[in-house]
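Everything below concerns the one structure shown next.
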2 protein chains.
Amino acid sequence: MKQDTSFDWHEPGLTIGQVAGRSGVSVSAIRFYEAQGLISSDRTAGNQRRYHSDVMCRLAMIEACQRVGLTLAEVGRALAALPPGQAPTSTDWDALAERLRTEAQSRIDRLNQVLRELAPPA
Amino acid sequence: MKQDTSFDWHEPGLTIGQVAGRSGVSVSAIRFYEAQGLISSDRTAGNQRRYHSDVMCRLAMIEACQRVGLTLAEVGRALAALPPGQAPTSTDWDALAERLRTEAQSRIDRLNQVLRELAPPA
DNA sequence: CGTTGACCTCAACAATTGTTGAGGTTCTAC
DNA sequence: GTAGAACCTCAACAATTGTTGAGGTCAACG
């Protein structure tokens with residue numbers, strides 16, 4: 001029987017409040033991101049969310065991406081490249097990071113180009 | 001549909017439609033930016049807007065800044081450093097460009113830092 | 001002049017990115 | 001076994017960044 005690489009039943013998972021406390025992202029924003037499909041959670045028997053620790057990476061990335069002008073929809077499309085439901089591997093993260101770095105750099109390059117072309121009228 | 005490039009730079013005055021056509025920014029967006037104080041115009045006796053050519057630089061900058069995550073309010077504060085009502089000098093533009101470059105770069109640095117710290121959940 | 005397209009103002013709507021509150025449930029600690 | 005904190009859903013509101021439309025004006029060509 002192949003040992004599937006997921007899920008430790010001994011690990012209770014982080015509550016939404018714990019995630020908010022650790023990440024600095026508000027509870028309402030976390031729920032919103034989840035509704036938009038940027039992050040996901042398991043539910044307890046009582047319907048409460050329980051997060052795995054990769055959510056912390058995702059939240060940090062979401063914030064940083066927003067700061068460089070990506071919309072949540074764009075971040076969502078990028079994150080969709082990550083394997084759903086499973087803990088992303090180092091390789092997964094690296095590929096994603098590379099894409100985001102490239103996108104952000106192209107935006108700043110464009111800004112620099114515009115600023116270089118700036119000249120007083122006449 | 002009249003005056004092509006008339007020689008008269010004594011009363012320059014681009015119409016809002018001409019500015020939109022040349023810049024690719026919509027008429028409604030131009031009016032909106034003006035209402036927010038990012039750009040300004042003279043008015044004809046009949047209350048129509050007439051723009052000086054520095055508006056083209058401002059519009060290009062606004063778009064590029066937005067792409068790297070600055071809000072209109074932030075762009076507006078930056079532009080406020082430019083002399084109001086007068087054609088900005090080369091020095092004015094340079095100082096502004098430097099500030100915006102610095103801000104944008106700090107954002108991309110932050111993103112890169114986050115991406116570097118990204119790791120699969122242990 | 002008169003027509004016509006570009007312009008004006010103002011208000012309503014819309015997408016994005018959340019926050020706040022009401023009303024109800026779950027979890028934990030005593 | 002119960003009090004209270006933390007959680008749940010859903011809806012309403014809010015700021016930002018515009019677009020669209022109604023109703024009216026301006027200007028240039030013929």
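Letters A, B, ... are given to chains in the order of the sequence lines, protein chains preceding strands, and every chain is numbered from 1. None of these values were measured; they are calculated from a predicted model.
Atoms CD1 (B:I62) and P (D:dT16) sit 16 Å apart, rounded to a whole Å. Atom CD in B:Q36 sits roughly 14 Å away from atom C1' in D:dT19 (whole-Å rounding). Rounded to an integer number of Å, the gap from B:L14 CG to C:dC7 C1' is 15 Å. Between the OH atom of A:Y51 and the P atom of D:dA6 there is a distance of 17 Å, given to the nearest Å. Put simply, CD on A:Q18 is 13 Å from C1' on D:dA5, counting in whole angstrom units. Nucleotide D:dC10 holds its C1' atom 16 Å from the CD atom of A:E34, rounded to whole Å. When rounded to the nearest whole Å, the span between CD1 of B:I16 and C1' of C:dA6 equals 11 Å. Whole-Å rounding puts the A:I30 CD1 to D:dT9 P distance at 14 Å.
At D:dG18, one or more side-chain N or O atoms of B:Q66 fall inside 4.0 Å of OP1 or OP2 (strictly under the cut-off). Under 4.0 angstrom from either OP1 or OP2 of C:dC7 there lies at least one side-chain N or O belonging to B:T15. The shortest distance between the side-chain N/O atoms of B:Y33 and the OP1/OP2 oxygens of D:dG18 is below 4.0 Å. Within the 4.0 Å cut-off from OP1 or OP2 of C:dT9, at least one side-chain nitrogen or oxygen of B:R49 is found. At D:dT20, none of the side-chain N or O atoms of B:S28 fall inside 4.0 Å of OP1 or OP2 (strictly under the cut-off).
For A:A29, counting side-chain heavy atoms from C-beta on, the closest listed nucleotide (C:dG18, C:dT26, D:dT19) is C:dG18. Relative to the side chain of A:Q48, the nucleotides C:dT19, C:dT26, D:dC26 differ in distance, and C:dT26 lies closest. Minimum atom distance to the side chain of A:F32 is reached by C:dG18, of the listed D:dG18, C:dG18, C:dC7.
Backbone-only engagement by A:R43 is indicated by non-hydrogen atom pairs under 4.0 Å involving sugar-phosphate atoms exclusively. Nucleic acid contact for A:R31: base, since at least one base atom lies under 4.0 Å from a heavy atom of the residue.
Between B:R99 and B:E103 there is no salt bridge, since no side-chain nitrogen of the basic residue lies less than 4.0 Å from a carboxylate oxygen of the acidic one. Under the 4.0 Å criterion applied to side-chain N and carboxylate O atoms, A:E74 and A:R107 are assigned as salt-bridge partners.
Atom CG of A:L38 is separated from atom CD1 of A:I30 by 12.5 Å, given to the nearest 0.5 angstrom. To the nearest 0.5 Å, atom CD of residue B:Q113 and atom CZ of residue B:R110 are 5.0 Å apart. Rounding to the nearest 0.5 Å gives a distance of 12.5 Å between CD of A:Q36 and CG of A:L79.
Residue order along DNA chain D, read from the 5' end via each residue's closest nucleotide, puts B:L70 first among B:G46 and B:L70. Heavy-atom nearest nucleotides on DNA chain D were determined for B:T44 and for B:L72, and the one closer to the 5' end corresponds to B:L72.
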